[in-house]
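As structure tokens, the structure follows; a few thoughts come after it.
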Amino acid sequence: DSGVTQTPKHLITATGQRVTLRCSPRSGDLSVYWYQQSLDQGLQFLIQYYNGEERAKGNILERFSAQQFPDLHSELNLSSLELGDSALYFCASSVFGRADTQYFGPGTRLTVL
Amino acid sequence: AQSVTQPDIHITVSEGASLELRCNYSYGATPYLFWYVQSPGQGLQLLLKYFSGDTLVQGIKGFEAEFKRSQSSFNLRKPSVHWSDAAEYFCAVWGSYIPTFGRGTSLIVHP
């Protein structure tokens, strides 16, 4: 158990819908990262937050948005969902935003029908 | 732009045999290189990292990797594989807070 929690574990929805994925970082970790893992695209970095502020942005679509709240949990919002958005979405957290201290959550499996 | 290539999609080894997983990267400056392991149904776990200094780095679970700047490679090795090492392995390069991952190598271990 990495100490990073993600909810829900599984999510099935329809095209055009909007969903919210939630991540709670390890106690004391200030930084949260979001990743997407799919068969087509592989593992891709989406976005990083550090203490509530966006620090780095990767291949995140405009239909996707994220935020980190004052209690440091983070949410990833996916809207106007398409079949191709079906993937595993991972959250990771780290102390001070250091890549070598990242701990990954178990992921949320999103299926878009 | 940074990129990572893992040429082998699958690697099959016998338990107790040695292992080498290949990783080639492209990055303009001195790279920060990582190897991760992903077991089925799990998130990624960091095996080892290279930032600078000694080009042979040791990681967890008996893994090591060697950074070769001239070959733009960061290959992962283990002298004796255990059945529990069966998993997906990812190489990544970090630049400006942004990681780029390879497509992964699936390790199959035969008893």
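Chain identifiers are assigned alphabetically (A, B, ...) following the order of the sequence lines, protein sequences preceding nucleic acid strands; residue numbering begins at 1 within each chain.
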Problem - Residue selection (most heavy-atom pairs with chain B, distance under 4.5 Å) from A/Gln48, A/Arg109, A/Gln37 - result: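 Highest number of heavy-atom pairs under 4.5 Å: A/Gln37.
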Problem - chain B contacts, top residue of A/Lys57, A/Arg55, A/Gln102 (heavy-atom pairs, under 4.5 Å) - result: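 Of the candidates given, the most pairs with chain B belong to A/Arg55.
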Under a single-linkage definition using a 4.5 Å side-chain heavy-atom cutoff for Ile, Leu, Val, Met, Phe, Trp and Tyr, are [X] and [Y] assigned to the same hydrophobic cluster?
X: A/Leu21; Y: A/Leu110; value: yes
X: A/Leu43; Y: B/Leu46; value: yes
X: B/Leu33; Y: B/Phe51; value: no
X: B/Leu76; Y: B/Phe74; value: yes
X: B/Phe101; Y: B/Val93; value: no

[X] [atom1]: over 12 foreign heavy atoms closer than 6.0 Å:
X: B/Tyr27; atom1: OH; result: yes
X: A/Phe104; atom1: CZ; result: yes
X: B/Ile60; atom1: CD1; result: yes

Handout entry: Parallel, tilted or perpendicular, as decided by the 30° and 60° cut-offs, for the rings of A/Phe45 and B/Trp94
Key =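 Geometry flag for A/Phe45 against B/Trp94: tilted rings.
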Sort [X] into side chain, backbone, both or neither according to what part of it lies under 4.5 angstrom from a heavy atom of chain A.
X: B/Tyr32; answer: neither
X: B/Phe34; answer: side chain
X: B/Leu44; answer: both

Handout entry: Heavy-atom side-chain contact between B/Pro99 and A/Tyr33 under 4.5 Å
Key =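 Heavy-atom side-chain distance check fails, nothing below 4.5 Å.
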Exercise for the section: With the side chain counted from C-beta on, respond yes when A/Phe90 and B/Gln38 share a heavy-atom pair under 4.5 Å apart, and no when they do not. Expected result: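 Yes, at least one pair of side-chain atoms sits under 4.5 Å.
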Handout entry: Distance in Å, B/Gln42 CD paired with A/Leu88 CG, rounded so as to fall on 0.5 Å steps
Key =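 Atom-to-atom, B/Gln42:CD and A/Leu88:CG are 11.0 Å apart.
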Practice task
Working to the nearest 0.5 Å, report the span between CG of A/Asn59 and OG1 of B/Thr100.
Solution key: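 It is 7.5 Å, given to the nearest 0.5 Å.
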Problem - Heavy-atom closest contact (B/Arg103 atom, A/Leu39 atom, distance) - result: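 Closest approach of B/Arg103 to A/Leu39: NH2-O, 2.7 Å.
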Exercise for the section: Check whether A/Gln6 gets within reach of chain B through its side chain, its backbone, both or neither, counting any heavy atom under 4.5 Å. Expected result: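 Neither part.
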